[in-house]
Amino acid sequence: MIDAIVVITTLVCLYTDLRYKKIYNAVLIPALVMGLLLNTYKYGISGGLLILKGFLLGIALLFIPFALGGMGAGDVKLLGVIGSIKGPEFVFLVFLGAALIGGAISVVVMIKQGNFIDRFKAIVFTFLSMLRIIPPVNLLKGKESINVASFPYGVALAVGTFVAYLVR
C-alpha cells in the first residue's frame, strides 16, 4: 500500500508537471497524510519520527536549487512527500537518481539550444573562482544572463523514484 501511494503520487505529479508545468498541493497533501498515517500505524512513534526525517531530508536536498531559482516549490515538496512515505534512505536514492537524470536532461537541452559550451565555461570559471584558483568571477548570474531553456524536473524525480525502487 505504501509503495502504491508513492507510485501513484509520482505518476500523477509527472503528468501534471508535463502537462501544466505544476505539481499540485491537492495531490501532495493527501499523499503526505496517507503516508504519515500508514507509517505511524505500521511502525508506531519511531516510524513517525523516521518519516519526519525523510520529509525534512527531501525538502533540504532540493532547497538550495529552489532558492537559486532552478526549480519550483512543487518539485521540492514532491521529494519531501516521497521522503515522508518511504524514509530518508529511499529519498536520498531518489535524489541521487534524479540528479543524474536531471543533469543528463540538462545537457541535452543545452546542446539542442546551442549554448552548452557557454554554460559549461560559465560553470567551470565560477567554480574555479570559488576555489580561489582564479580571480573572483560569477558567470552564473541566473536565467537572465543566458537564454536558458528549462524542463519539468518532475520527470527527473519520477525516473529517480523508479531507479530507487530498482536499486533497493
Side-chain angles (χ1 to χ4, degrees), residues 6 9-32 35 51-164:
V6 171
T9 301
T10 303
L11 289 175
V12 170
C13 290
L14 172 62
Y15 173 78
T16 63
D17 204 16
L18 287 171
R19 172 98 177 166
Y20 305 107
K21 298 195 185 314
K22 280 194 69 75
I23 294 176
Y24 293 100
N25 289 340
V27 175
L28 297 174
I29 292 171
L32 175 68
I51 299 313
L52 180 62
K53 289 178 187 176
F55 178 76
L56 293 175
L57 179 61
I59 298 291
L61 288 170
L62 292 183
F63 182 76
I64 291 175
F66 164 73
L68 295 174
M71 67 183 53
D75 301 313
V76 179
K77 292 182 281 187
L78 174 58
L79 193 60
V81 167
I82 292 169
S84 76
I85 297 169
K86 292 292 287 179
E89 293 86 12
F90 187 84
V91 82
F92 190 70
L93 289 174
V94 172
F95 169 74
L96 291 177
L100 292 172
I101 296 299
I105 293 171
S106 295
V107 168
V108 170
V109 167
M110 286 186 285
I111 289 170
K112 285 181 115 177
Q113 192 178 21
N115 67 358
F116 174 76
I117 299 297
D118 293 334
R119 293 299 287 173
F120 184 74
K121 284 181 192 175
I123 291 167
V124 169
F125 287 127
T126 300
F127 182 70
L128 290 174
S129 74
M130 288 170 48
L131 295 175
R132 309 259 188 241
I133 294 172
I134 63 172
V137 63
N138 182 1
L139 301 174
L140 300 174
K141 303 228 186 285
K143 293 182 180 180
E144 310 83 41
S145 63
I146 299 176
N147 184 22
V148 176
S150 63
F151 67 94
Y153 199 71
V155 173
L157 289 172
V159 174
T161 300
F162 293 107
V163 166

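Values in this document were obtained by computation on a predicted structure and should not be read as measured data.
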Distance (rounded to the nearest 0.5 Å) between [X] [atom1] and [Y] [atom2]:
{"X": "Ile59", "Y": "Leu79", "atom1": "CD1", "atom2": "CG", "result": "7.5 Å"}
{"X": "Leu78", "Y": "Tyr24", "atom1": "CG", "atom2": "OH", "result": "14.5 Å"}
{"X": "Leu62", "Y": "Leu57", "atom1": "CG", "atom2": "CG", "result": "9.5 Å"}
{"X": "Leu68", "Y": "Ile64", "atom1": "CG", "atom2": "CD1", "result": "7.0 Å"}
{"X": "Phe95", "Y": "Phe90", "atom1": "CZ", "atom2": "CZ", "result": "15.0 Å"}

Would you say the side chain of [Y] lies within less than 4.5 Å of the side chain of [X], judging by non-hydrogen atoms?
{"X": "Leu11", "Y": "Phe162", "result": "yes"}
{"X": "Asp17", "Y": "Asp75", "result": "yes"}
{"X": "Leu18", "Y": "Val155", "result": "yes"}
{"X": "Thr9", "Y": "Ile82", "result": "no"}
{"X": "Leu157", "Y": "Thr10", "result": "no"}
{"X": "Leu32", "Y": "Phe55", "result": "yes"}

Discussion item. Quick check against the 3.5 Å criterion: does Ser129 have a side-chain atom that pairs as donor or acceptor with the backbone of Thr126?
Written reply: yes

Fill in: side chain to side chain contact (heavy atoms under 4.5 Å, CB included) partner of Ile23, the single match among Val81, Leu28, Val76
Leu28

Minimal non-hydrogen separation, [X] against [Y], with atom names:
{"X": "Ile85", "Y": "Ala31", "result": "CD1-O, 3.7 Å"}
{"X": "Pro30", "Y": "Val27", "result": "CD-O, 3.5 Å"}
{"X": "Lys22", "Y": "Thr16", "result": "O-OG1, 2.9 Å"}

Worksheet item: Using the ring of each side chain (for Trp, its six-membered ring), is Tyr153 parallel, tilted or perpendicular to Phe151, with breaks at 30° and 60°?
Response: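 Tilted, since the angle between the ring planes falls between 30° and 60°.
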
